[in-house]
Amino acid sequence: MTADRYNARDAEPRWQKIWRERGIFRARNDDPRPKFFVMEMFPYPSGRIHIGHGRNYVMGDVLARYKRMRGFNVLHPMGWDAFGLPAENAAIERGIHPKEWTYQNIASMKEQLQLLGLSLDWDREIATCDPSYYAEQQRIFLDFLEAGLAYRKESEVNWDPVDNTVLANEQVIDGRGWRSGAVVERRKLSQWFLRITGFAQELLDAIDGLERWPDRVRLMQRNWIGRSEGLEVLFELSKASAKAAGSETLKVYTTRPDTLFGASFLALSADHPLAQTLARDNAALANFIAECKKGGTSAEIIETQEKQGYDTGLTVVHPLDPTQTLPVYVANFVLMDYGTGAIFGCPAHDQRDLDFARKYHLPVVPVVLPPDTDPGSFAIGDEAYDGEGTLFNSRFLDGMSIPDAKEAVARQLERFRIAEEPQAVRRVNFRLRDWGISRQRYWGCPIPVIHCAACGPVPVPRDQLPVKLPDDVTFDRPGNPLDRATAWRDVPCPKCGAPAHRETDTMDTFVDSSWYFLRYASDNTERPLDKGAVAHWLPVDQYIGGIEHAILHLLYSRFFTRALKACGRVDVTEPFAGLFTQGMIVHETYKDQAGRWLFPEEVKLLGNGKAVKVDTGEDVVVGPPEKMSKSKRNVVPPEVVADTYGVDCARWFMLSDTPPERDSEWTQAGIEGAWRFVQRVWRLVTEAVELGAPADAPAPAAFGKEATALRRASHGLAATVADDVERLRFNVAVAHVHEFANAFGQAIAAARAGGTGDGLDFALREAADILARVVGPMVPHLAEECWGVLGHDGLAAEAAWPEADPALLKRDTITLPIQINGRKRDDIEVPLSATPAEVEAAVLALESIQRALDGRPPKRIIVVPQRIVNVVA
RNA sequence: GCGGACGUGGCGAAAUCGGUAGACGCACGAGACUUAAAAUCUUGCGCCGCAAGGCGUGCGGGUUCGAGUCCCGCCGUCCGCACCA
């Protein structure tokens with residue numbers, strides 16, 4: 001009677017071997033079935049993974065396996081985001097070559113990932129550091145160059161003067177280099193850019209169509225692109241000023257032309273050409289500008305920085321009132337790379353301008369009157385007013401709404417001319433900047449360009465691609481090793497043959513990940529980016545990854561796909577039709593009395609929130625759940641889970657309880673609960689096989705009450721879990737399986753007590769069969785083992801999803817809750833076909849209702865068919 | 001500062017449309033089996049109350065026959081952006 005325990009340690013490697021040998025997860029490009037492309041964001045090969053890394057792969061795997069059972073040709077690939085700084089740090093710190101370090105990590109992480117039993121097509125595995133991958137990336141770069149989508153310009157970098165190296169923003173901590181501790185300077189370097197701004201409007205507009213993306217990601221992208229509509233206004237310099245400045249006009253960008261009559265000054269960025277010109281003969285101004293450029297670009301510094309300005313002595317004429325002039329300042333809060341690098345300040349309606357005006361005693365003239373406010377008493381204190389209102393103090397604009405006033409000013413200024421030019425032009429601006437892809441690093445994709453003194457930057461001829469990274473480099477000195485790799489660097493110019501040198505910048509690793517999903521589509525290494533294959537597989541039906549990539553990676557990928565389309569390389573526009581952002585796995589942290597972090601296996605939990613160290617018994621300080629991280633040691637390696645419980649338990653646990661988009665806590669109790677449930681499924685299936693009908697038994701003509709109830713439950717399970725998985729509501733799917741297991745267990749108990757007549761034997765067998773398939777995507781190894789016990793020859797992984805019989809999903813009676821004054825008081829069972837009048841009559845006949853009404857007639861009865869009845873007493 | 005999301009038992013949570021609040025699981029209690037333990041099974045478990053009953057989805061209002069769900073105002077937590085004119 002008692003079944004053997006399910007032995008995961010035996011079963012899991014066995015089934016994984018069979019899946020691998022039969023190649024059942026290989027996707028074929030010529031498969032005629034409908035396609036389904038599911039992928040998770042590929043990992044950075046940092047070394048070892050912990051169980052927390054597994055969550056998104058498992059979620060994608062459930063969907064992949066489910067879709068296969070539904071008859072789809074599924075592409076579920078995996079690869080490695082293999083370029084990047086940590087490999088170079090390892091080289092510096094431990095003397096290991098980045099390539100060696102990376103490929104070692106890939107090997108061990110692949111082994112760990114395979115342990116999870118994921119249904120991946122490893123034949124399409126890619127590593128971005130592989131020359132076969134980045135060769136195509138270099139071709140793409142040349143395509144972009146030819147199309148004008150890649151270009152070079154001067155741009156500021158963080159420069160570490162001690163290490164003589166360029167730092168990434170995250171390597172600048174409190175304005176200092178992370179390794180050297182030296183104060184970071186801003187330096188200008190000539191760098192490569194991709195023209196993402198050319199697609200800003202389209203990237204923004206297309207967000208509306210991303211219906212299967214989380215709203216918040218769409219919102220974040222919209223904000224990041226940051227479209228604003230405004231006016232570029234020419235301010236005429238006063239005569240004396242024009243002479244001093246060497247120009248007649250100053251161009252200013254504003255989104256609030258309506259507030260022009262409230263303007264009290266102009267402000268230039270420290271980087272503005274006019275500011276630079278004036279500083280040549282003005283030491284005080286030069287000093288001020290240098291002062292502005294000090295300090296990092298970090299948010300905290302900028303936030304707390306006081307508004308400061310330098311009065312240039314220049315004045316401009318107010319565009320709408322020639323009798324009025326405004327002073328021109330250079331100010332530390334004006335950005336050069338947004339708009340025109342110059343603004344007009346309207347202190348009454350902009351907080352920054354107000355702060356500035358108060359400091360330099362400039363006029364504060366309110367021109368927008370809040371609704372229901374007395375114009376005589378309205379005054380600006382310490383807070384600018386940026387709300388709705390009506391224009392006043394503004395001559396011909398008085399009485400207008402803000403939008404009307406904007407329009408009126410625009411029309412007026414468009415008509416005015418200064419030196420043949422209209423005084424104002426409507427201009428749309430974006431917060432989004434072009435994407436600087438140059439990195440002064442070794443471990444990245446080389447930019448395929450040769451610099452020649454005579455010819456300038458010359459693309460490497462395509463027949464000479466790829467430009468491979470030289471292996472023979474050293475990391476013993478600061479700076480980019482490629483600069484010192486003279487044998488690699490120094491080459492003749494492809495155009496004129498004169499001595500020249502290679503571009504030593506490599507590409508931002510975000511470039512690598514901006515097209516890897518297109519690479520997966522091709523099963524042909526000769527054609528890594530295959531238009532036909534891309535047309536077949538793309539867009540990705542379901543992309544799964546962390547919220548940390550909500551903006552950059554996803555926006556860059558959307559841009560890249562469009563840019564490739566513009567170059568004629570692909571026909572797809574939007575790469576990811578469905579996006580899901582999963583939560584992290586968190587775990588409690590443990591510290592001993594000396595404050596050292598402890599691994600979970602060093603700790604014994606006492607159940608009351610307290611814990612002790614396993615070996616010494618000393619008290620352990622238990623911290624709140626945090627993201628699993630090596631440094632805090634709150635990690636659980638997948639091997640340990642696989643050895644003690646089996647990976648199916650880990651998979652089940654990761655899918656249970658917590659909605660997949662939220663953070664989920666890994667606990668001992670949780671994994672044990674999963675283990676119990678895995679055993680329970682095994683027991684239910686084996687017991688049902690023992691009690692039930694044989695595999696090939698025909699369905700009886702009629703079923704008894706028990707059998708019908710069980711059949712309703714199992715067919716209902718197939719339908720509801722299908723729906724749950726389609727909607728990625730794995731925790732709900734798990735709950736539904738639990739619910740079914742309870743019903744199944746009761747049916748088995750009933751069969752033991754009362755026999756398996758009236759078709760119960762068939763129903764038991766059918767229930768086991770359905771259960772094995774329904775849990776298959778979630779606990780695939782267990783499902784295979786069950787499938788074997790059920791006597792099937794093939795693999796559960798290749799079985800079809802159980803089709804629910806619609807007749808069994810329909811009920812002929814329904815239980816309606818009965819409310820009195822909105823509070824539930826009773827239930828009533830009525831035929832599904834009952835009319836509202838019949839229901840009403842039945843309800844009024846209920847004893848509980850009669851009692852509640854106490855002889856009085858009800859005021860009202862609301863019958864919502866098949867939902868509820870509410871009696872208003 | 002601006003924008004957004006969320007707030008339900010001791011805990012993780014569920015509740016397609018405005019229609020039975022707390023499904024399912026964890027933890028805990030009681031019982032059965034066992035020499036014993038584990039496992040398993042049965043059973044209880046929002047709060048107050050002996051009960052009848054009352055209260056209950058962050059707080060305060062509103063709409064409705066009926067509100068976790070919709071509207072208004074607060075409070076709290078988390079996230080994104082942050083001198084973008």
Side-chain angles (χ1 to χ4, degrees), chain A residues 2 5 214-224 226-228 230-231 252-257 259 267 269 299-300 302-305 307 331-346 349-353 355-356 383-384 386 429-433 547-548 550-551 607-608 653 656-659 661-665 667-670 672-677 679-680 683 723 727 729 731-742 745-746 749 815-827 858-864 866-873:
Chain A
T2 38
R5 274 209 184 149
D215 284 344
R216 67 169 172 153
V217 175
R218 302 203 292 175
L219 186 72
M220 281 158 80
Q221 293 223 344
R222 277 195 196 98
N223 292 342
W224 190 259
R227 185 182 196 273
S228 73
L231 217 53
V252 155
Y253 178 73
T254 180
T255 56
R256 293 296 302 273
T259 63
S269 162
E300 313 97 276
I302 288 170
E303 188 182 358
T304 53
Q305 213 165 37
K307 305 270 177 295
N332 65 344
F333 66 93
V334 181
L335 304 173
M336 188 57 222
D337 57 355
Y338 185 79
T340 62
I343 60 156
F344 80 75
C346 175
H349 304 292
D350 183 293
Q351 192 60 46
R352 295 158 300 183
D353 299 345
D355 295 344
F356 191 82
E383 271 183 45
D386 60 0
N429 251 318
F430 294 94
R431 210 189 74 102
L432 182 71
R433 308 290 147 82
I547 187 70
E548 65 274 18
I551 299 175
N608 48 1
F653 177 36
S656 300
D657 292 341
T658 305
E661 68 277 9
R662 277 189 223 169
D663 289 350
S664 163
E665 190 184 351
T667 60
Q668 190 62 26
E672 281 166 10
W675 190 82
R676 282 198 298 273
F677 190 73
Q679 295 298 335
R680 188 166 179 217
R683 220 163 39 237
D723 186 53
R727 293 159 61 187
R729 292 155 44 91
N731 58 320
V732 183
V734 163
H736 283 138
V737 174
H738 273 292
E739 214 166 9
F740 174 75
N742 292 340
Q746 271 159 27
T815 305
L816 290 179
I818 311 302
Q819 295 181 328
I820 294 170
N821 296 332
R823 292 208 155 263
K824 193 204 161 194
R825 283 302 137 100
D826 209 343
D827 285 312
K859 286 202 186 107
R860 207 174 149 188
I861 300 180
I862 291 110
V863 179
V864 186
Q866 312 190 11
R867 278 263 171 211
I868 202 163
V869 180
N870 190 13
V871 180
V872 185

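Any value given below was found using the heavy atoms of this structure, including those in side chains, with hydrogens, waters and symmetry copies removed. Quick caveat: nothing in here was measured; it's all calculated off a predicted structure. By convention in this document, chain letters (A, B, ...) are assigned in the order of the sequence lines, proteins followed by strands, and residues within each chain are numbered from 1.
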Can you tell me, in whole Å, how much space there is between the [atom1] of [N] and that of [M]?
N      : M      : atom1 : value
G25(B) : C33(B) : C1'   : 25 Å
G9(B)  : C26(B) : C1'   : 13 Å
U8(B)  : G3(B)  : P     : 25 Å
A30(B) : U77(B) : C1'   : 38 Å
C83(B) : C2(B)  : P     : 15 Å
G54(B) : G10(B) : C1'   : 23 Å
G56(B) : C47(B) : C1'   : 7 Å
C45(B) : C28(B) : C1'   : 8 Å

Tell me whether [X] contacts the main-chain N or O of [Y] through its side chain, where contact means a donor paired with an acceptor under 3.5 Å.
X         : Y         : result
Arg431(A) : Trp224(A) : yes
Asn870(A) : Gly822(A) : yes
Ser269(A) : Val334(A) : yes
Asp386(A) : His349(A) : no

Practice item. With sequence neighbours left out, write down each residue that passes ring pair (Phe, Tyr, Trp, His ring centres under 6.0 Å) with Phe740(A), or none if nothing qualifies. Key: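 By the ring pair (Phe, Tyr, Trp, His ring centres under 6.0 Å) rule, Phe740(A) matches Phe744(A).
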**Study point:** Phe677(A): ring pair (Phe, Tyr, Trp, His ring centres under 6.0 Å) partners, not counting sequence neighbours
**Key:**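 So Phe677(A) forms a ring pair (Phe, Tyr, Trp, His ring centres under 6.0 Å) with Trp652(A), His738(A).
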Exercise for review: State which residues pass salt bridge (charged side-chain N to carboxylate O under 4.0 Å, His left out) with Arg433(A); sequence neighbours excluded, sorted by chain then number.
Suggested key: Asp337(A)
Exercise for review: Report the residue (His736(A) or Asp350(A)) whose heavy-atom-nearest nucleotide on RNA chain B is the more 5′ of the two.
Suggested key: His736(A)
Whether [X] contacts [N] is assessed here as follows: a side-chain N or O lying under 4.0 Å from the phosphate OP1 or OP2. Is that the case?
X         : N      : answer
Ser228(A) : A85(B) : yes
Arg676(A) : C26(B) : yes
Arg680(A) : C41(B) : yes
Asn731(A) : G12(B) : no

Point to revise | Candidates Asp353(A), Leu335(A), Thr254(A), Asp350(A) - the one meeting side chain to side chain contact (heavy atoms under 4.5 Å, CB included) with Ile343(A) | key: Asp353(A)
Practice item. Check Gly339(A) against Tyr253(A) and note the closest heavy-atom contact, atom names and distance. Key: CA-CB, 4.0 Å
Point to revise | Heavy-atom pair with the smallest gap, counting every atom of Val734(A) and Ser656(A) | key: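 It is CG1-OG, 3.5 Å.
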To the nearest Å, give me how far apart [atom1] ([X]) and [atom2] ([N]) are.
X         : N      : atom1 : atom2 : answer
Asp723(A) : U16(B) : CG    : P     : 12 Å
Trp675(A) : A38(B) : CH2   : C1'   : 10 Å
Asp657(A) : C11(B) : CG    : P     : 14 Å
Arg662(A) : A13(B) : CZ    : P     : 5 Å
His349(A) : G1(B)  : NE2   : P     : 21 Å
Phe653(A) : G12(B) : CZ    : C1'   : 9 Å
Leu219(A) : C2(B)  : CG    : P     : 16 Å
Glu672(A) : C11(B) : CD    : P     : 21 Å

Review point. Looking only at N and O atoms, is any donor in the side chain of Arg727(A) or the base of U16(B) less than 3.5 Å from an acceptor on the other one?
Key: yes
Within the sub-3.5 Å range, which N or O atoms of nucleotides 62-65 of chain B have a protein N or O partner, and how far apart are they?
{"unit_1": "C65(B)", "atom_1": "OP1", "unit_2": "Arg860(A)", "atom_2": "NH1", "d": "3.2"}
{"unit_1": "C65(B)", "atom_1": "O2'", "unit_2": "Asn870(A)", "atom_2": "ND2", "d": "3.2"}
{"unit_1": "C65(B)", "atom_1": "O2", "unit_2": "Asn870(A)", "atom_2": "ND2", "d": "2.6"}

Exercise for review: Assess the side chains of Asp355(A) and Gln351(A): does a donor N or O sit below 3.5 Å from an acceptor N or O?
Suggested key: yes
Any base atoms under 4.0 Å from [X], or only sugar-phosphate, or nothing? Heavy atoms, all strands.
X         : answer
Ser656(A) : nothing
Asn742(A) : sugar-phosphate
Arg218(A) : nothing

Point to revise | Bracket string, RNA chain B, 5' to 3' - pairs by Watson-Crick or G-U geometry under 3.5 Å, | interstrand | key: (((((((..(((......[....))).(((((.......))))).(((....)))..(((((..]....))))))))))))....
Selection from [options] that lies nearest to any side-chain heavy atom of [X]:
X         : options                : result
Arg729(A) : U20(B), C83(B), A14(B) : A14(B)
Thr658(A) : A13(B), G25(B), U20(B) : A13(B)
Ile868(A) : A14(B), U20(B), A85(B) : U20(B)
Ala735(A) : C83(B), A23(B), G25(B) : A23(B)

Exercise for review: Answer syn or anti for C17(B), where the cut-off is 90° from 0 on the glycosidic torsion.
Suggested key: syn
**Study point:** Syn or anti conformation of G9(B), syn meaning chi within 90° of 0
**Key:** syn
Review point. Is there a residue in residues 333-344 of chain A whose heavy atoms reach under 4.0 Å of RNA chain B, and which residues are they?
Key: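 Here the set is Phe333(A), Val334(A), Leu335(A), Tyr338(A), Ile343(A).
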Exercise for review: Tell me whether the guanidinium CZ or amine NZ of Lys307(A) lies under 6.0 angstrom from the six-membered ring centre of Phe356(A) and within 45° of its axis.
Suggested key: no
Collect all protein-nucleotide pairs involving nucleotides 79-81 of chain B in which both atoms are nitrogen or oxygen and the distance is under 3.5 Å.
{"unit_1": "C81(B)", "atom_1": "O3'", "unit_2": "Arg431(A)", "atom_2": "NH1", "d": "3.2"}

My understanding is that only residues two or more places apart in sequence, or in another chain, count here; which of them pass side chain to side chain donor-acceptor pair (under 3.5 Å) with [X]?
X         : answer
Gln221(A) : Arg558(A)
Glu672(A) : Gln668(A)
Asp827(A) : Lys824(A)
Arg860(A) : none

Review point. Around atom CZ of Arg216(A), are there more than 12 heavy atoms of other residues, nucleotides or ligands at under 6.0 Å?
Key: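 Count not over threshold, so no.
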Check your understanding: Any side-chain heavy atom of Phe344(A) sitting closer than 4.5 Å to one from Thr259(A)?
Key ->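 They are in contact (side-chain heavy atoms under 4.5 Å apart), so the answer is yes.
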Polar-atom pairs under 3.5 Å, protein N or O versus N or O of nucleotides 28-32 of chain B: list them with distances, or write none.
none

